[in-house]
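Below: one structure, written as structure tokens.
Chain identifiers are assigned alphabetically (A, B, ...) following the order of the sequence lines, protein sequences preceding nucleic acid strands; residue numbering begins at 1 within each chain.
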Number of protein chains: 2
Amino acid sequence: MSSGGEKKQLVAVSESRRFMIDCFKAVNVPQDHAEQMADLLVAADYRGHFSHGMNRLEMYLNDLAINSTDGSAVPKILKETPSTAWVDGCNGLGAVVGNFCMDLAIKKAKQVGVGWVCAKGSNHYGIAGWYPMRAMKEGLVGMSMTNTSPLMAPTRSKEAALGTNPLSLGVPAKDDKFLLDMATTAVAVGKIEIQRRKGAPLPDGWAQDPEGRVTNDAELAFQTGCLMPLGGPEINSGYKGYGLGGLVDILSGVMAGANYSTKVRKWTHTGANTAADLGQVFIAVDPNCFAPDFEERMCDFNSRLRSCTPTDPEKPVLVAGDKETINMKAVDEAGGIEYLPNQLKTCESLSQRFNVNPIRFI
Amino acid sequence: MSSGGEKKQLVAVSESRRFMIDCFKAVNVPQDHAEQMADLLVAADYRGHFSHGMNRLEMYLNDLAINSTDGSAVPKILKETPSTAWVDGCNGLGAVVGNFCMDLAIKKAKQVGVGWVCAKGSNHYGIAGWYPMRAMKEGLVGMSMTNTSPLMAPTRSKEAALGTNPLSLGVPAKDDKFLLDMATTAVAVGKIEIQRRKGAPLPDGWAQDPEGRVTNDAELAFQTGCLMPLGGPEINSGYKGYGLGGLVDILSGVMAGANYSTKVRKWTHTGANTAADLGQVFIAVDPNCFAPDFEERMCDFNSRLRSCTPTDPEKPVLVAGDKETINMKAVDEAGGIEYLPNQLKTCESLSQRFNVNPIRFI
């Protein structure tokens, strides 16, 4: 946010993308792969998910600079049936592996109704919703899931043993859509960090202290690194969120023969010294294989939800993806993305470090 | 529970099953369908989920007695591809439709890797976990989801517009397993009823009052009938539980061309006067299509979770399905199921109403 009399510094979506492409190319990522990563990251910023956008650029670059990710790697198919494929990401970039797998799932869904593709040897793949969006463009229903570094404490556990393990479902609906993209923890680490910077307490059910108790202390929560599953404590059915985190890891990491649970490395800001070997799954389903007029019904489904009487008349009932649509519209109207000053400082230093043209503002 | 000096009245699993078969046959359900329903319901009681077992028998019988469910109906395939099928349940019994669809999904998974079967025209299908268990027996990963009568208020809404919409994932793992079966609401109605009978307050995040605020008043919550999604209020990410409830309805009701959202009827104790036309989805995936030695890794995955240091040494960390395994072992050791006295009274009256041999105790 800009404060007081300062002029807002806005970055056009295309300029944010250009800057990221240049940075990736500076660490020897081929043009095509650099574009795929930049498209993924700028989409997150455009949609308002800054934690998964340019904010991650430096971490990816660090991983590439020390070769713990292979920026040139091309995924390969290890095993195939009419509706499935097992893919080795060959330690390539997340978007490169993810796009490859989702496009393969789409192809299979068009041929036999469902495509189900598991990848091992992958890396952090950004917003989970990116991949289902590719299926939606083809009139298909898409899903994707990934495991991540351990950060969630299973119900009753003092220690973290699963990641934030997000899952995403994208559903086309004529001019409308349903696009769910959620971590299976109560909140992402980013939300803890925001409370910490504000010096504000955490609500119950977000995070644990080192003894495994619910904590409201943002600083302690940040140091402990034990997020609670969706639902929070056991009395509020946190074991369901824990179960969902398990579901994601089984369908991605375990099934793909990648790392899973506590086998997944910790991911640090300076870059890791081992390959992540994350597991991911990409599913596409052709709704035309079932009842006709699917997208018409989806529009009606969404409108039944949105037309519910709100508790607070100022806050209308939303459908998954509406918040992001509102954010994209605001960016379009403003003409660009308003990054946090800290983010822009990081970009300045990246620009110097990699000898890349600095970001131009509107 | 038996109190004081009373002797526990235990019912053998086989006797509970016999009684339910006789009841279904008394309302003209064919032997085979009666057995499928009894197997489903007694499995719930055996596993400790009494709300979904014999507790539901009277409601099913009421629906059958007034012909709002067709006990003889046989599901039929409307459309097929190598990996999908669209099935019309023809308003048949939930277990009959569900078993038919899951077995079809299993067959397709064995042939092409994945089977994805959607049913419309179905009825309440009991515990969602029943169907994945059929896939697990064949060494496959199974999933099932169903929509249900509106009971969950979307985040920010005063009114209910989705059901408790459960989802289940069953994963084989040699002598072990992972079996998740969860409603996407914070809790099921049964838990509200229990607090109400005890005269105890509800924890935050379970249910809403008529104004859409979180309530701790069990009586008010029961009358209002607005459960909160998994996660509870918006600050605790209840919108994720709401999104998951939407995911289930889209993949079951909307995709199958069945009822969905507020189109699903209210289900009353005395039986409904219209067909439910519920939508359900059944998915089977062959893990052999991906990395070899899947079940070995699943055993390791489970053991990594169970070996986490517990917050309370008396409460070990569990994996989805462990609680039910413990309950089944307890039933086996006791020699039978201990039903609540109210349940046994209902059985007595059903025995008289339908002229069926009363339940014998051990």
**Request:** Using non-hydrogen atoms and a 4.5 Å limit, figure out which bit of B/Pro154 sits close to chain A: side chain, backbone, both or neither.
**Result:** side chain
**Asked** Measuring heavy-atom distances to chain B, does A/Met143 have an atom under 4.5 Å in its side chain, in its backbone, in both, or in neither?
**Response** side chain
**Prompt:** Is it the backbone or the side chain of A/Leu202 that comes under 4.5 Å from a heavy atom of chain B, or both, or neither?
**Reply:** neither
**Message:** A/Glu211: which residues meet the salt bridge (charged side-chain N to carboxylate O under 4.0 Å, His left out) condition with it, sequence neighbours left out?
**Reply:** A/Lys158
**Item:** Region of B/Asp286 in contact with chain A, defined by heavy-atom distances below 4.5 Å
**Value:** neither
**Asked** What are the two closest heavy atoms between A/Ala85 and B/Phe290, and how far apart are they?
**Response** O-CE2, 3.3 Å
**Fill in**
Bottom line for B/Leu179: the part with an atom under 4.5 Å from chain A's heavy atoms is neither
**Prompt:** If you count heavy-atom pairs under 4.5 Å between each of B/Gly212, B/Ser157, B/Ser237, B/Gly257 and chain A, which one has the most?
**Reply:** B/Ser157
**Request:** Pick one of side chain, backbone, both or neither for B/Val171, based on which atoms fall under 4.5 Å of a heavy atom in chain A.
**Result:** side chain
**Request:** Taking the side chain as every heavy atom from C-beta outward, state whether A/Leu318 and B/Tyr239 have any atom pair closer than 4.5 Å.
**Result:** no
**Asked** Can you tell which of B/Asp312, B/Asp293, B/Asp249 has the highest number of heavy-atom pairs within less than 4.5 Å of chain A?
**Response** B/Asp249
**Request:** Identify which part of A/Leu244 has an atom lying under 4.5 Å from any heavy atom of chain B, answering side chain, backbone, both or neither.
**Result:** both
**Message:** Between A/Pro82, A/Ala320, A/Cys289, who has the most heavy-atom pairs with chain B when the cutoff is under 4.5 Å?
**Reply:** A/Cys289
**Request:** Just jot down the salt bridge (charged side-chain N to carboxylate O under 4.0 Å, His left out) partners of A/Arg304, sequence neighbours excluded, or say none.
**Result:** A/Asp300
**Fill in**
For residues 161-168 of chain A against chain B, heavy atoms under 4.5 Å, the residues are A/Ala161, A/Leu162, A/Leu167
**Prompt:** chain A heavy atoms under 4.5 Å from B/Pro229: which part of the residue, side chain, backbone, both or neither?
**Reply:** neither
**Fill in**
Highest number of heavy-atom pairs under 4.5 Å with chain A among B/Cys308, B/Gly238, B/Gly321 belongs to B/Cys308
**Message:** At a heavy-atom distance under 4.5 Å, which candidate from B/Leu78, B/Asp204, B/Val285 has the highest pair count against chain A?
**Reply:** B/Val285
**Request:** Indicate the atoms forming the closest heavy-atom contact of B/Leu230 with A/Gly231, along with that distance.
**Result:** CD1-CA, 4.0 Å
**Proximity breakdown for A/Thr309 and chain B, heavy-atom pairs closer than 4.5 Å** = both
**Fill in**
Closest non-hydrogen atoms of A/Trp86 and B/Ala291, given as atom of the first, atom of the second and distance, are CZ2-CB, 3.4 Å
**Asked** What residue in A/Met182, A/Gln208, A/Arg297, A/Lys191 has the most heavy-atom pairs under 4.5 Å with chain B?
**Response** A/Arg297
**Asked** Taking every heavy-atom pair that is under 4.5 Å apart, which of A/Pro292, A/Ser261, A/Gly205 has the most such pairs with chain B?
**Response** A/Ser261
**Request:** Heavy-atom distances under 4.5 Å only: say whether B/Val319 touches chain A with side chain, backbone, both or neither.
**Result:** both
**Asked** What is the distance from atom CE of B/Met255 to atom CE of A/Met298, rounded to the nearest 0.5 Å?
**Response** 9.0 Å
**Message:** Less than 4.5 Å to any heavy atom of chain A: does that hold for the side chain of B/Phe301, its backbone, both, or neither?
**Reply:** both
**Request:** Give, as side chain, backbone, both or neither, the part of B/Leu169 having an atom under 4.5 angstrom from any heavy atom of chain A.
**Result:** side chain
**When B/Glu80, B/Lys120, B/Lys263 are compared by non-hydrogen pairs under 4.5 Å with chain A, the top option** = B/Lys263
**Complete:** When the 4.5 angstrom heavy-atom criterion is applied to B/Ala183 and chain A, the contacting part is both
**Heavy-atom proximity to chain B below 4.5 Å, by part of A/Asp88** = neither
**Request:** Pick whichever of A/Asn302, A/Leu305, A/Val117 has the most heavy-atom pairs under 4.5 Å with chain B.
**Result:** A/Leu305
**Message:** Can you list the residues of residues 106-114 of chain A that sit under 4.5 Å from chain B, counting heavy atoms only?
**Reply:** A/Val112, A/Gly113, A/Val114
**Non-hydrogen side-chain atoms of A/Val317 and B/Tyr242 separated by less than 4.5 Å** = yes
**Message:** Less than 4.5 Å to any heavy atom of chain A: does that hold for the side chain of B/Asn288, its backbone, both, or neither?
**Reply:** backbone
**Asked** Counting N and O atoms only, with roles assigned by atom type, does the side chain of B/Lys240 sit under 3.5 Å from a partner on the main chain of A/Thr185, one being a donor and the other an acceptor?
**Response** yes
**Item:** Pick from B/Leu180, B/Thr84, B/Thr81, B/Val254 with the largest number of heavy-atom pairs that fall under 4.5 Å of chain A
**Value:** B/Val254
